[in-house]
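Below: one structure, written as structure tokens.
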Amino acid sequence: MSVRLKINGRWITAERGQTVLEAARANGIEIPTLCDYPGLPSHGSCRMCIVEIEGRANTPTACTTPVDDGMVVETDTAKVRELRQDLLRMLLAEHPAACLFCPENQACEECMVTLRKAGVTTGCHNCPADRQCSLQKIIEDSGLQSIAYPPRYRALRVEKYDPFFDRDYNLCVLCGRCIRVCESLHFTNILTYARRGSQTRVDTSFGRTHLEAGCSFCGACIDACPTGALWEKTRKWYGAPDGEVASVCPFCSLGCEIRLVHKNGSVIGALPGEGLPALCVKGRFGVPELVNHPDRLKDVLHVSAGEAVKSDWNEASRLAAEVLSGCAPDDFALIVSANCSSEDFYVANKFTRQVMRSAPVYLSAAARYRGGGQASARLLALSQPLEALESADLIFCLGLDAQYYQSVVEPRLRQAKERGAKLLTIHAGEHVPGRFADVWLQPQPFSEGEMINDLAEGRDDRGQLGAALHLLSEARKPVLIVGPDYLARLPEAVERLQKAAGAGLVALPAEGNLMGSLRAGIGAAPAGRLPRVLYLIGAALPHDLPGDSFVLIQNTHALQAELPHLFHEGLMLPMAAFSETDGSLVDQSGKMKCYSAAAAPPGEALPGWKILCQIAQALGKPGFDYGCVDDIRAEMAGQAAERPEISSPPEWIAAPGEHDYHGAPLDKWVAGLGDLQPSPQEEGLRVPVA
Ligand code: FES
């Protein structure tokens, strides 16, 4: 039911049950807030949003006051302004204020000059949130000109021992947003208020590090912090970014939408896409370190007799054309990473068919699926999006860890539990769903397949599967959610269980664009011998290359520092990262997601498809003159999608790990990922099986 109320002299319509703040915002009327945060219930603790309401003697908070018919509200009277300034004066008694009342604070850039002929840091970098701080903005808007009370610097130690972000509670205003986001949106309680009275501060329980407290490093607390108290290490002193570009995280098959933050032509951070509460640690903190890593391949290199010499694209394309023109189809193979874009896959496939006369194109990830690629492909074809969990009455997690990678699944599992769904999980080790599952089946490592087969056939020879079988038999809408390891190792057993239970299925491959590669027909090549000429796109070098091999390495990074010494002849071709080119991925549910360049590629690097086109053109092949990805997409749209298939690749292809990106583990490029450890077990009925 709607009501009419007047705010600042303007009649507006609102829904009964809305707060004055919500109604004002919906009508473009700004009211300052600090403790309010999207998705969280009103807290009413900061009192920044006070207003005057006709007929009421006090100044209620707009975020906790429901609208009423005929209500007359004023948000910016002299009384409100004076009270708000008083509140801010009290806040500033404990909050550093150098950035607020400096006469030069609008002209920092001009003040940062120096005559010294050496690299020095100039300007007063007092706070990482300068020009991005909600408190700073509120104070500027309020017209406050100075502090009123003697400042008390809390002199708290800046906590720097967690891998991805620093905590400076000297800058905290105790709005509680970080605590409430962790608790209400993520259903975890890593943060809490510690101590009492003037000593109150935000901390983890018992003063543990985030790592010790079991934090999954989703970064939601940083996003919620209105000041500089929580700040990611990699962009702490960059200042306000130049902008954001909508993109897609390529680090796993969920393809979460992200916003790439850039400054001075470089990507400096990644934030969750609009409407997403959080990302996993890889997506939230991994991107800037990966794309700005010193090991990025920037130059075109010609490797001759084991020595790498700087070359250029003309020379490299000419040399590649010379080698490939004299190469028989069975003397050549192209191996491509499943993290490349769909456009790269399309052009790579076309290259092998049209330029190399149907030479094989392999997917390096297929080597992880050697145990049953066909069954994995069938499961992928059935895979639904995560939203399928919302209507399930039983969720069965199969080998899903969700501690750090694919951790965006955890809040969905917790939400399902809150609404009454049962949770069953099978995993040999400590894992997140095991903390709150109704039943945790814990088989011995590598006997999981046997247990899944027993469940599919309703067998309980050891008398340990009773509770799980009961849940499965009671469920009317079961959904299986399959983690990367079981999808690669145990697809036949999972398929049997899915059919027996008549369950929906959510498959979560580790690779960013496995679905896109299968649709492009990559991964279905028959196994062949190790050829003389190898073209590796984001794939690792096979072991024991014959001495007369010629290797074209097209990658974003130099995988091994000594790489030129591992082969005698070849080329190293620098490839743009996903953040430096336009492209698209297909997520685990088959949905195409497009991304755009947020920065220029470093040095000579080019988009993957463009490098292939240059070589094809040097060979005089027509049909490789695309101007941009839209030209490729237009051609792709006219072709029938291939039937997803993963055939066993030859033994000589190096199998990537679950957390590999373009041929190497992601923690090779992202320092903090190596510090992550499994967290301790909590509740859950655990059923160990001998
Ligand atoms: Fe209303 Fe904080 S925003 S009291």
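Counting starts at 1 for both ligands and their atoms, in listed order.
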Is the closest basic N to carboxylate O distance between [X] and [Y] below 4.0 Å?
| X | Y | result |
| --- | --- | --- |
| Arg131 | Glu140 | yes |
| Arg89 | Glu82 | yes |
| Glu390 | Arg412 | yes |
| Asp36 | Arg177 | no |

Identified side chain to side chain donor-acceptor pair (under 3.5 Å) partner of Thr33 from the options His43, Arg25, Arg47: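 Passing option: Arg25.
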Residue-atom pairs from the protein, N, O or S only, that lie under 2.8 Å from atom 1 (Fe) of ligand 1: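 Protein N/O/S atoms under 2.8 Å of atom 1 (Fe) of ligand 1: Cys49 SG, Cys63 SG.
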Closest non-hydrogen atom pair between Gly39 and Leu185, with its separation: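 Reported closest heavy-atom pair: O-CD2, 3.6 Å.
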